[in-house]
Amino acid sequence: MEIKKIAVLGAGQMGNGIAHVCAQAGYEVKMRDIDQKFIDKGLATIKKNLDRGVAKERMTQAEADEVFGRVQGVLDLKDAVKDVDLVIEAIPEIVKLKLDTWREVDGAAPEHAILASNTSSISITQMAAVTKRPEKFIGMHFFNPVPVMGLVEIIKGQATDDATVKVIEDVSHKVGKKTVLVNEAPGFAVNRLLVPALLEAVFAIQEGVATVEDMDLAIKLGLNWPMGPLTLADFVGLDTMLYIADYFVDEFKDSKYRAPALLRKMVRAGWVGRKAGMGFYDYSGEKPVPNKF
Ligand code: 3HC
């Protein structure tokens with residue numbers, strides 16, 4: 001089966017990155033969100049990242065314009081999916097919202113279309129079960145920032161068939177990513193390791209082990225991470241981290257995944273990281289300034 005047209009649901013930090021790399025690989029992309037302002041913001045981010053590629057002489061302006069021209073912003077969900085070969089969903093990590101969206105997509109997308117979720121932890125099998133094509137349902141987990149990160153984690157649900165895995169491997173390779181195939185489990189492979197590590201860094205701040213900047217510097221230089229764990233937590237989004245921690249506790253029935261009270265307090269305050277301008281760092285100035293806890 002050849003994929004030509006892709007619908008990306010969600011124009012946020014993951015959705016616009018996925019739309020970008022798909023368009024760059026030659027696919028026609030419809031990027032759907034629920035409000036024109038989110039679509040405009042997503043398109044502006046894609047344009048900014050393409051312009052950076054032009055400035056660095058990685059592509060010509062004409063090539064960048066051609067890629068940008070392959071992304072169409074769409075408001076209506078049915079309109080977005082009605083004539084595509086693949087739907088990649090990158091909407092918020094709210095189980096009910098995902099299930100409702102997948103029911104609607106399943107009713108409107110062509111019968112042959114593959115349905116892929118970019119969820120960071122929610123059960124692929126649970127989402128597949130609300131559709132009439134669970135064998136064509138799969139996890140396709142990208143990493144932020146999507147244009148830069150080299151991996152797609154492919155997750156097989158209970159009913160996902162091998163033909164679907166093969167198509168998604170091919171698409172992932174075509175958009176320039178290496179793939180790993182994992183069986184369904186909470187957090188799959190990467191977040192199973194990453195989220196507990198980031199939560200531990202927040203516990204360390206809560207307990208006064210080190211300042212935010214020292215904790216980040218320690219791990220950045222001591223472990224050669226590209227970003228310290230608190231910078232990375234702000235980058236991923238503290239709301240997403242909290243969601244995954246709570247989901248892990250529910251699924252594993254193991255309190256070792258519990259979220260530190262500090263994380264919950266910050267999310268309640270709206271300090272959800274870089275996208276909100278405030279998290280472990282204050283992003284309102286020219287350079288991020290570490291907060292004191
Ligand atoms: N979009 C597109 N390109 C970007 C970008 C963005 N948001 N941010 C940076 N880049 C590009 C830059 O243009 C630059 O390109 P070049 O090498 O061709 O010049 C390159 O990335 C490096 O950027 P910088 O020099 O500005 O900065 P760094 O060297 O610090 O790299 C980084 C930035 C790539 C974000 C790096 O810090 C990094 O790898 N951080 C860790 C990211 C990570 O762990 N992501 C995974 C998060 S977990 C996740 O997504 C899963 C979810 O389920 C939770």
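As the structure lists them, so they are numbered: ligands from 1, and atoms in each ligand from 1. Note that the coordinates shown come from a computational prediction; the quantities given were computed from them, not determined experimentally.
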With a cut-off of 3.5 Å and sequence neighbours excluded, list every side-chain donor-acceptor pair involving residues 2-12.
| from | atom 1 | to | atom 2 | distance (Å) |
| --- | --- | --- | --- | --- |
| K5 | NZ | D83 | OD2 | 3.3 |

Extract all donor-acceptor atom pairs below 3.5 Å that involve side chains of residues 266-277 and protein atoms in other chains or at least two apart in sequence.
| from | atom 1 | to | atom 2 | distance (Å) |
| --- | --- | --- | --- | --- |
| K275 | NZ | D239 | OD1 | 3.0 |
| K275 | NZ | D239 | OD2 | 3.1 |

Kindly list each side-chain donor-acceptor pair under 3.5 angstrom involving residues 61-69, sequence neighbours excluded, with atom names and distances?
| from | atom 1 | to | atom 2 | distance (Å) |
| --- | --- | --- | --- | --- |
| Q61 | NE2 | D65 | OD1 | 3.0 |
| E63 | OE1 | T60 | N | 2.8 |
| E63 | OE1 | T60 | OG1 | 3.4 |
| E66 | OE2 | R70 | NH1 | 3.4 |

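The side-chain heavy atoms of L115 and T131, taken from C-beta on, include a pair separated by under 4.5 Å.
Contact residues for ligand 1 (protein heavy atom closer than 4.0 angstrom to any ligand atom): N49, R52, K56, R58, S120, H141, F143, N144, P145, P147, V148, M149, N191, L194, P226, M227, L232, V236.
Relative orientation of the Y243 and Y247 rings is parallel, given thresholds of 30° and 60° on the angle between their planes.
Contact check on K47 versus D51 returns a salt bridge, with a Lys/Arg side-chain nitrogen under 4.0 Å from an Asp/Glu carboxylate oxygen.
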